[in-house]
Amino acid sequence: MSTETLVIEESQQSKKPVVSSPMVSESINQFTFKVEELGQKLLQKSQDKPSGYWQIQSLSKLGEITQAPWYLAVSRNKIIFSGSDLLSWAAFLKVLKLYLPSLRSFEVQEQLRGIEKGLPKEQRESLIIMLNKIVAQGILQHRQINQAIRLRVFTDLESYSFEGFGKARFSPNSQLLALPFCTGLKLEDFILQTQQRRQEWQKLKPHILSLDDVPQLNSKAMEHQKISPKQKQQLEKLVSRNRSLEAVSRGFGKDPLEVSKFLVAFINKDLVTMLPAKTPSHQLKPAPELFIVDDAPVILQKFKIIVNLLGYSACCCSDPLKAVAMILDCKPSAIFVDINMPGASGFQVIKQIRMKPELAAIPIVILTGEESQSNKMRAKWARSEFLTKPPNIDDISRLLKIIAPLPGTKTVTK
C-alpha cells in the first residue's frame, strides 16, 4: 500500500505546486465509509489537518470507482468549497452565480467586470483579492457566501450517487489557510444537518426519488383545483422547460430540499407529477480517465482542460516520485509522462510502470518540448507514443482515438 497522497495543483499565491509529505501514514490520510458515516469520519479525520482537500469517490459493491471524484476543501474544520474541481476564483464565482441569482443581473456583471479591469491581470484570478473586493463594494455579504457554500455542499452530497459506501483521501494544502474566510460550513453543523436532511428526504421518498426527477404540471387537474394566482404562477415557473429538480432549484438559487417540500403539497393534489429522467446522472458511466505526470502546473492545467473538452477526465501529478502509486490507485486508460522532471526522469517513471503487471498494458505517451531523434528512439524503445509540448488539442484528439477511444466510438488504427 502506498504512503503517497494526491498532489494538489499550484496555489494562486506561491505559483508552486503544493504537495503532501510522503512521510505521513496513508491510514491517517484516507478512509472508507458507509454513506451515513461520512460526516462523522470527516470530522474525526480532519481534527489534526488545518487545511486541504478531501477527494471523495463512490464505490460499487465490488470496490470499483463508479463516478468522477468529488472534492471538499476544508480549512480549520470548516468546509469552504465543494465541487468536481479544486478551488479557484473561476470555480468559486461559478458556484456563487448558481446559488445567488442576484449575481446574474446585468448591473452586477458590469460591476464585476469593472473590478477586474481595475486590477493587474495576475490579480484577477486571485480568489482572496476578488472576494475582498466584492465584499468591500457591497456586492455580496459573507452571509450570502455562506449560504451559497451550504447549498453547494448539500446539493453535491445529495446528487452524488453513493452505492452504499465510498472512499476519501486527504491532500494537505496550506494555502487554503490564507483565505480570509469567516465563511464556511462547520463540520459539526454538516453532520447535524446531514442527519436532519436525510430524515426529511426519507419522508419525501414516496413522491421524489432523485434530484434527477423532472416535475410536470397536470394542466387538466389545474382547471378543477382551487389554488391562488400566486401559487399557480410559482408552479408554472418551477415546472417550465422540462428541467430536473436539481436544475429547477439551481435556477432559482433555492435549496432542492425546500423546493421538494413545496412541490409535495401539489403532488398530493395531483397538480404535479414527478417523472424520472430518461438517463439519470448516477447511471452514466464515468468518463475514461487519463493520467499526466509533469512538473509544470501550467501544462497540467492546460492538459486537463483539453481532455475534458474531448470527453475524458484527468488525474494530474507534478511529482514523478509519487506518480506510480497514484496510477495504481486510479488505473487510467492512458498515461502521459514528461521526460525532464526533477527527482526522476520520465523514462525512470515509465520503467517503474512497466514493472507493474497491472499497469504494463496501459498505453503511455512521452511528452517533451525537444522533438529530437534520440527522444523519439527512446520512446520507441519504451514502447510508448511521442507527443511534443505544449499539448495541442488536435494532436491529443488524434492520439487518443488510437490508444484510448471513447466508449461507442470506432477505434482508429495507425
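Between V108 and S102, the shortest heavy-atom contact is CG2-O, 3.4 Å. Closest approach of A314 and V307 over heavy atoms only: CB-CG2, 3.6 Å. Between W54 and K49, the closest heavy-atom pair is CZ2-CD, 4.2 Å. Contact detail for A334 and I362: the closest heavy-atom pair is CA-CG2, 3.8 Å. The minimum heavy-atom distance linking V272 with P215 is given by the pair CG1-CB, 4.1 Å. Taking every heavy atom of both residues into account, Q123 and M130 meet most closely at O-CG, 4.2 Å.
Under a 3.5 Å cut-off, the side chain of K261 and the backbone N or O of L204 do not form any donor-acceptor pair. Side-chain atoms of R76 come within 3.5 Å of backbone atoms of L177 as a donor-acceptor pair (strictly under, hydrogens ignored). Side chain of D213 to backbone of I208: no donor-acceptor contact under 3.5 angstrom is found. No side-chain donor-acceptor contact under 3.5 Å links S397 to the backbone of I393. Judged by distance alone, the side chain of Q109 and the main-chain N or O of L103 form a donor-acceptor pair under 3.5 Å. Under a 3.5 Å cut-off, the side chain of R150 and the backbone N or O of L185 do not form any donor-acceptor pair. One N or O on the side chain of K205 and one on the backbone of L209 form a donor-acceptor pair closer than 3.5 Å. Using a distance-only test at 3.5 Å, with no hydrogens or angles considered, no donor-acceptor pair links the side chain of Q47 to the main chain of Q44.
For the pair I353 and V324, the minimum side-chain heavy-atom distance is below 4.5 Å. At a threshold of 4.5 Å between non-hydrogen side-chain atoms, the residues D85 and K94 do not count as touching. Two residues are said to be in side-chain contact when any heavy atoms from C-beta on lie closer than 4.5 Å; T155 and R250 fail this criterion. By the 4.5 Å heavy-atom criterion applied to side chains, P320 and Q348 are not counted as neighbours. Side-chain atoms of L42 and V74, non-hydrogen and from C-beta on, never get closer than 4.5 Å to each other. Counting only heavy atoms from C-beta outward, the side chains of I149 and F92 approach each other to under 4.5 Å. In this structure, the side chains of L400 and Y312 come closer than 4.5 Å at one or more pairs of heavy atoms. Counting heavy atoms from C-beta on, the side chains of D295 and P342 come closer than 4.5 Å.
A salt bridge links E158 to R197: one of the charged nitrogens lies within less than 4.0 Å of a carboxylate oxygen. Taking the charged nitrogens against the carboxylate oxygens, E110 and R113 do have a contact shorter than 4.0 Å, which makes a salt bridge.
How far CE of M274 is from OG of S260: 6.5 Å, rounded to the nearest 0.5 Å. Note that NE2 of H207 and CD1 of I267 are 6.5 Å apart. Values are rounded to the nearest 0.5 Å. Within the model, atoms CG of N77 and CG of L43 stand 6.0 Å from one another, a figure rounded to the nearest 0.5 Å. Rounded to the nearest 0.5 Å, atoms NZ (K97) and CZ (R104) are 10.0 Å apart. Residue R152 holds its CZ atom at 6.0 Å from CZ of F81, rounded to the nearest 0.5 Å. L93 contributes atom CG, which lies 6.0 Å from atom CG of L96 (distance to the nearest 0.5 angstrom).
Applying the 6.0 Å contact sphere to NZ of K203 captures no more than 12 heavy atoms from other residues, nucleotides or ligands.
Applying the salt bridge (Lys or Arg N to Asp or Glu O under 4.0 Å) test to residues at least two apart or on different chains, the pairs with a partner in residues 388-397 are D294-K389, D338-K389, D395-R398.
Put simply, the residue from L151, I145, D255 that forms a side-chain contact (heavy atoms from CB on, under 4.5 Å) with Y99 is L151.
At least one cation-pi condition fails for K45 and F170: the charged atom is not both under 6.0 angstrom from the six-membered ring centre and inside a 45 degree cone around its axis.
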Checklist entry - Hey, mind stepping through Q30 and D329 against side-chain contact (heavy atoms from CB on, under 4.5 Å) and telling me if it holds? => result CA-CA 12 Å; Q30 69 178 22; D329 190 49; 5.8 Å; no

Next on the checklist: Is there a side-chain contact (heavy atoms from CB on, under 4.5 Å) between E358 and K331? Walk through the geometry before answering.
Outcome noted: CA-CA 9 Å; E358 59 268 58; K331 299 289 190 343; 4.1 Å; yes

Item to check | Test side-chain contact (heavy atoms from CB on, under 4.5 Å) applied to N173 and L87, step by step | outcome: CA-CA 11 Å; N173 189 327; L87 183 55; over 6 Å; no

Next on the checklist: I'd like to know whether V248 forms a side-chain contact (heavy atoms from CB on, under 4.5 Å) with L263, so could you lay out the CA-CA distance, the side-chain angles of the two residues, the decisive distance to 0.1 Å, and finally the verdict.
Outcome noted: CA-CA 11 Å; V248 168; L263 284 174; over 6 Å; no

Next on the checklist: Please determine whether ring-ring contact (aromatic ring centres under 6.0 Å, His included) holds for the pair F154 and W201, giving the CA-CA distance in whole Å, both sets of side-chain angles, and the decisive distance to 0.1 Å.
Outcome noted: CA-CA 12 Å; F154 287 114; W201 277 117; over 10 Å; no

